Asks: 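Structure incoming, see below.
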Amino acid sequence: MVIAKLFVVFLLLQMMSGFVFRAKGLGMGYYIMSCPMAELIVRNTVTRALQADPTLAAGLIRMHFHDCFIEGCDASILLDSTKDNTAEKDSPANLSLRGYEVIDAAKAELEKKCPGVVSCADIVAMASTYAVFAAGGPVYDIPKGRKDGRRSKIEDTRNLPPPTLNASELITMFGQHGFTAQEMVALSGAHTLGVARCSSFKNRLSDTVDPDLDSGFAKQLTKTCSAGDNVEQPFDATRNNFDNVYFNGLQRKAGVLTSDQTLFASAKTRNIVNGYAFNQAMFFLDFQQAMVKMSTLDVKEGSKGEIRTNCRKMN
């Protein structure tokens, strides 16, 4: 109860101090007049969902990332496929995404209170921040006012970073979206939550084991994945807690994905990993700043977007 009250006070302070903040047409207090309960409704919906299933925190954060890296933060990830179009969510890269029902529940409640006002893109963005906080991570606010996009095509998911990239490739891909190497590593820290399927890292367990993988951990992964490609492996030892244990694991050569362990293996990013492993507060600060930045990627404004009444289909 005390934490909840502090959280509300923090949001109010953020709103008061950041009301005039604008980023690409967005505003911290965007719904203060049109739907003042918007943030509370989304937060309560996410909180209830995570109380029932804490593993959804990772899903909601990953959903936001996968949305923003394709055509910007416009809820394109939520659109269902049709007979004439295969949508992003049905790409192999997105089949493991979870939490759609949480977004649907929040949208249904918002449509009752403020019909046609709050975008699905804003719900996804807000849900990710509340998921981070609920899992023990930093509290931060993001600007609102995104419109929902009208495009969702499976071929666009090629813009998502695959789990086989090395540090140089990750720096280049994130750089194309305006992120520094430090911001890329901070965002990668979202893997402090959740799991990876064996299909995404079994290439590291072939006859020639990845030299950047601890031999004991490699044996553990091999045993885990002997049950099949869809078996899940936590990214770190505290899969439901938002902390810096992920970076401690990289120092021990226990990163699950190639794109995880490369952050420590590469001289370009190793010092950043070491800094976050040593100082959790620094990781939290850099992560929240990078997430706010990511939430403003290629947002839709005016006639370029819409406010969907159903997040799964265009109006």
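All values below come from the heavy atoms of this structure, side chains included, with hydrogens, waters and symmetry mates left out. Owing to the predicted nature of the structure, the values given are computational and were not obtained by experimental measurement.
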Asks: Under a plain distance cut-off of 3.5 Å, with no hydrogens placed, do Ser76 and Asp74 share a side-chain donor-acceptor pair?
Replies: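 Per modelled atom types, Asp74 and Ser76 side chains form a pair under 3.5 Å.
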Asks: Please tell me whether Thr55 and Arg98 have a donor and an acceptor in their side chains that are separated by less than 3.5 angstrom.
Replies: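 Thr55 vs Arg98: donor-acceptor pair found between side chains.
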Asks: Within the supplied structure, the quantity of interest is the number of heavy atoms (other residues, nucleotides, ligands) at a distance under 6.0 Å from Lys268 NZ; does it exceed 12?
Replies: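 Count not over threshold, so no.
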Asks: State whether the side chain of Thr262 and the backbone N or O of Thr258 hold a donor-acceptor pair below 3.5 Å, judged by distance alone.
Replies: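 Checking the backbone N and O of Thr258 against the side chain of Thr262, no donor-acceptor pair under 3.5 Å is found.
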Asks: Do Lys144 and Glu39 meet the salt-bridge criterion of a basic N to acidic O distance under 4.0 Å?
Replies: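 Yes.
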Asks: Can you see whether Gln182 engages Asp286 through a side-chain donor-acceptor pair at a distance of less than 3.5 angstrom?
Replies: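 Result is yes, a qualifying pair exists.
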Asks: Starting from the C-alpha separation in whole Å, work towards a yes-or-no answer on ring-ring contact (aromatic ring centres under 6.0 Å, His included) for Phe242 and Phe133.
Replies: CA-CA 8 Å; Phe242 196 99; Phe133 172 72; over 10 Å; no
Asks: What pairs with Ala134 under side chain to side chain contact (heavy atoms under 4.5 Å, CB included), at least two apart in sequence or on another chain?
Replies: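 Per chain and number, Ala134 pairs via side chain to side chain contact (heavy atoms under 4.5 Å, CB included) with Leu50.
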Asks: Determine whether Arg308 and Leu78 make a side-chain contact, defined as any pair of heavy atoms from C-beta on separated by less than 4.5 Å.
Replies: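 A side-chain contact exists here, since the closest heavy-atom pair is under 4.5 Å.
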Asks: With a 6.0 Å cut-off on ring centres, are Phe69 and Phe174 close enough?
Replies: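 Centroid separation for Phe69 and Phe174: below 6.0 Å.
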Asks: Is Glu88 salt-bridged to Lys153, cutoff N-O under 4.0 Å?
Replies: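 So Glu88 does not pair with Lys153 through a salt bridge.
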Asks: Just by distance, with hydrogens left out, do Gln280 and Asp243 show a side-chain donor and acceptor under 3.5 Å apart?
Replies: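 On atom types as modelled, these side chains do not qualify, holding no pair under 3.5 Å.
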Asks: Of the options Tyr246, Phe283, Phe287, which is the one that meets Tyr276 in a ring pair (Phe, Tyr, Trp, His ring centres under 6.0 Å)?
Replies: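 That would be Phe283.
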Asks: Tell me, please, which residues at least two apart from Asp229 pass side chain to side chain contact (heavy atoms under 4.5 Å, CB included).
Replies: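 Partners of Asp229 under the side chain to side chain contact (heavy atoms under 4.5 Å, CB included) test: Ser199, Lys202.
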Asks: Any side-chain donor-acceptor pair under 3.5 Å between Arg43 and Thr129?
Replies: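 No, no side-chain donor-acceptor pair sits under 3.5 Å.
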Asks: Using a strict threshold of under 4.0 Å (side-chain N to carboxylate O), is an ion pair present between Asp214 and Lys253?
Replies: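 No, no charged N to carboxylate O under 4.0 Å.
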Asks: Applying salt bridge (Lys or Arg N to Asp or Glu O under 4.0 Å), name anything that partners Asp236, two or more places apart in sequence or on another chain.
Replies: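 Expected list: none.
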